[in-house]
Amino acid sequence: MKVLVINAGSSSLKYQLYNMEDESVLASGRVERIGMDSSIVTHEPVDKPEVRTVDEILDHVSAVKKVLAALMHPEYGALKSMDEIQAVGHRVVHGGEVFKSSVLVTNEVKLEIRNLFDLAPLHNPAHMMGILAVETNMPNIPQVVVFDTAFHQTMPETSYLYPIPKVLYRRHKVRRYGFHGTSHQYVSEQAAEFLGAPLESLKIVSCHIGNGASCTAIKDGKSFDTSMGMTPLEGLMMGTRSGDLDPAIVPYVMNKEELTLNEVNSMLNKHSGMLAISGISSDMREVQEAIADGDRNAKLAFDMYTYRMRKYIGAYAAAMNGIDTLIFTAGVGENSAVLRKAVCEGLTFLGLELDETRNAERSKHARYISTDSSRIKVLVVPTNEELLIARDTYRIVQATV
């Protein structure tokens, strides 16, 4: 079976085509600047040169049409016919409390996703456009939606409820949902396989560290707590997001600076975090380069960033009454040995011993970076959210045949 995985944004669309017989990627790519007359389609076939074209793509229907044309191109395509695609899987950020697992797209499912627009106004409407665009271009293809929030639906009330009037939860579903669920699920499963241990026997803290960042406590194979909250703003300090802060800061700053709700929301999501403290960049690589040049603000930003990570890891160790596995994943987590060292050096009280030689190595596969005698096994596990989406899509569609 060949499965097309799509991640639709408001002005972009990413895709990967999988052969599920061996889970190999046949082609991947992205469409950027949807809605403009200078949209860019970048197609990356396996074992062939990248192809980039510029064209007018005014909506997601046209974007999917361009993707299919690239996949079936006689020179650089990966398919002879659209009929070779037997299912399409979509990433959807927010499933609320309704979706606890991946599901086949039906009219009822589409209605529920629309009902969740208020919880993810920047993401779910774009995902819906992707679903409808596939329906238009491939009307008979089964589609599956895989939710970022579904993995975290196992959290107990003590983890997901906020200590505010409960009527806000009953009326408006104000609660912790958590995100990056597909990544945390994938790397925890990979870690258990790598360790040769049942996932249900492990107490894991998974650190998905990219421009957006989150930590998840995984107990008995299930999400027990996670740092992101009702929105991705809560939790760790991130590239441009503030993470945790005193909520009273919001009305105080709004009053002092005469900010609107939209302005303060933009400040906390797009102009805070690493960018705000360093004054240089939200990119960890650029911040580390500035540190090497002696920039004090860059060093402060890095120290705050890693300090907050250690606090969450320590808190989750306490919440689970122990931790035996610590995972680093995503762009920064997989590639920054400096960050991993800074975080781990402050966790020696847990019995964690970092092997600096292992930590400095690079690999595309799961690996140890702790010593053989370390009580906590520290792993770097490359994430692959698209593959998890493809697997769920394949499993659900096969079950309906």
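Predicted model only: the values in this text are computed from it and were never measured.
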For residues 75-85, tabulate all N or O donor-acceptor pairs below 3.5 Å that involve a side-chain atom, not counting sequence neighbours.
from	atom 1	to	atom 2	distance (Å)
Ser81	OG	Asp83	N	3.1
Glu84	OE2	Lys80	N	2.6
Glu84	OE2	Ser81	N	3.2

Return all side-chain donor-acceptor pairs below 3.5 angstrom for residues 330-344, not counting sequence neighbours, or 'none' if the list is empty.
from	atom 1	to	atom 2	distance (Å)
Glu334	OE2	Thr329	OG1	3.2
Glu334	OE2	Ala330	N	2.9
Glu334	OE2	Thr383	N	2.9
Asn335	OD1	Arg362	NH2	2.8
Asn335	ND2	Gly331	O	2.7
Ser336	OG	Gln288	NE2	2.8
Ser336	OG	Leu339	N	3.1
Arg340	NE	Asn359	OD1	2.7
Arg340	NH1	Gly333	O	3.0
Arg340	NH1	Glu334	O	3.0
Arg340	NH2	Asn359	O	2.8
Arg340	NH2	Asn359	OD1	3.2
Lys341	NZ	Glu356	OE1	3.4

In residues 57-72, what donor-acceptor pairs under 3.5 Å come from side-chain atoms, sequence neighbours left out?
from	atom 1	to	atom 2	distance (Å)
Asp59	OD1	Val61	N	3.3
Asp59	OD1	Ser62	N	2.8
Asp59	OD1	Ser62	OG	2.9
His60	NE2	Gly9	O	2.7
Lys66	NZ	Asp55	OD2	2.5

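Separation of the His208 and Phe328 ring centroids does not fall under the 6.0 Å cut-off. Checked against a 6.0 Å centroid threshold, the rings of Phe147 and His94 do not count as neighbours.
Counting heavy-atom neighbours within 6.0 Å of Phe117 CZ, excluding the residue itself, gives a total above 12. Around atom CG of Asp303, more than 12 heavy atoms belonging to other residues, nucleotides or ligands sit under 6.0 Å away. No more than 12 heavy-atom neighbours from other residues, nucleotides or ligands sit within 6.0 angstrom of NZ on Lys14. The 12-atom threshold is not exceeded at CD of Glu21, counting heavy atoms of other residues, nucleotides or ligands nearer than 6.0 Å. Crowding of Glu193 atom CD: a count of heavy atoms from other residues, nucleotides or ligands under 6.0 Å not exceeding 12. A 6.0 Å sphere centred on NZ of Lys299 holds no more than 12 heavy atoms belonging to other residues, nucleotides or ligands. For CZ of Arg285, the number of neighbouring non-hydrogen atoms (other residues, nucleotides, ligands) closer than 6.0 Å is 12 at most.
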Could you go through the side-chain hydrogen bond (donor to acceptor under 3.5 Å, both in side chains) check for Asp22 and Ser24 one step at a time?
CA-CA 5 Å; Asp22 58 3; Ser24 60; 2.6 Å; yes

For Glu361 and Arg367, what are the C-alpha separation, side-chain angles and deciding distance, and is it a salt bridge (charged side-chain N to carboxylate O under 4.0 Å, His left out)?
CA-CA 9 Å; Glu361 294 171 354; Arg367 69 187 195 278; 5.1 Å; no

Give the C-alpha distance, both sets of side-chain angles, the deciding distance and a yes or no for side-chain contact (heavy atoms from CB on, under 4.5 Å) between Val105 and Val144.
CA-CA 5 Å; Val105 173; Val144 170; 5.8 Å; no

Test Asn124 against His127 for side-chain contact (heavy atoms from CB on, under 4.5 Å), laying out the working first.
CA-CA 5 Å; Asn124 275 28; His127 301 321; 3.8 Å; yes

Glu234 vs Ser227, test: side-chain hydrogen bond (donor to acceptor under 3.5 Å, both in side chains). Steps then yes/no.
CA-CA 7 Å; Glu234 188 180 359; Ser227 59; over 6 Å; no

Please determine whether side-chain contact (heavy atoms from CB on, under 4.5 Å) holds for the pair Glu385 and Gln185, giving the CA-CA distance in whole Å, both sets of side-chain angles, and the decisive distance to 0.1 Å.
CA-CA 9 Å; Glu385 296 171 77; Gln185 179 181 349; over 6 Å; no

Take Tyr169 and Tyr162, measure what ring-ring contact (aromatic ring centres under 6.0 Å, His included) needs, and give me the verdict at the end.
CA-CA 9 Å; Tyr169 168 65; Tyr162 290 114; 9.9 Å; no

Evaluate the criterion side-chain contact (heavy atoms from CB on, under 4.5 Å) for residue pair Leu326 and Leu352; output intermediate values, then yes/no.
CA-CA 9 Å; Leu326 175 63; Leu352 187 156; 3.9 Å; yes

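Within the 3.5 Å criterion, the main-chain N or O of Val397 finds a donor-acceptor partner in the side chain of Thr400. Of the possible donor and acceptor atoms, one in the side chain of Glu263 sits under 3.5 Å from a partner among the backbone N and O of Thr260. Judged purely by atom type and a 3.5 angstrom limit, Ser282 has no side-chain atom pairing as donor or acceptor with the backbone of Met274. A donor-acceptor pair under 3.5 Å links the side-chain atoms of Arg176 to the main chain of Met228, judged by distance alone.
Considering every non-hydrogen atom in both Thr42 and Tyr15, the closest pair reads O-OH, 3.7 Å.
Salt bridge annotation for Asp372-Lys377: absent, with no cationic side-chain nitrogen under 4.0 angstrom from a carboxylate oxygen. Salt-bridge formation is not detected for the pair Glu353/Arg375: no Lys NZ or Arg NE/NH1/NH2 atom is positioned less than 4.0 Å from an Asp or Glu carboxylate oxygen. By the 4.0 Å N-to-carboxylate-O rule, Arg30 lies close enough to Glu32 to be salt-bridged with it.
Among residues two or more places apart in sequence or in another chain, the ring-ring contact (aromatic ring centres under 6.0 Å, His included) test is passed with Phe302 by none. Every residue two or more places apart in sequence or in another chain that forms a side-chain contact (heavy atoms from CB on, under 4.5 Å) with Asn107 is listed here: Lys110. Shown here are the side-chain contact (heavy atoms from CB on, under 4.5 Å) partners of Asp324, two or more places apart in sequence or in another chain: Leu202, Lys203.
With a 6.0 Å cutoff to the six-membered ring centre and a 45° limit on the axis angle, Arg308 does not count as a cation-pi contact of Tyr305.
Partner of Arg33 under the side-chain hydrogen bond (donor to acceptor under 3.5 Å, both in side chains) criterion, out of Ser38, Ser12, Ser39: Ser38 alone.
Residues Asp244 and Tyr312 bring a donor and an acceptor atom of their side chains to less than 3.5 Å of each other. No hydrogens or angles considered: nothing links the side chains of Ser281 and Asp283 as a donor-acceptor pair under 3.5 Å. Between the side chains of Gln16 and Ser28, no donor N or O sits under 3.5 Å from an acceptor N or O. If you check the side chains of His43 and Thr53, you find no donor sitting under 3.5 Å from an acceptor.
His152 places a side-chain heavy atom less than 4.5 Å from the side chain of Thr216.
Atoms CZ and OH, on Arg358 and Tyr368 in that order, are 8.0 Å from each other to the nearest 0.5 Å.
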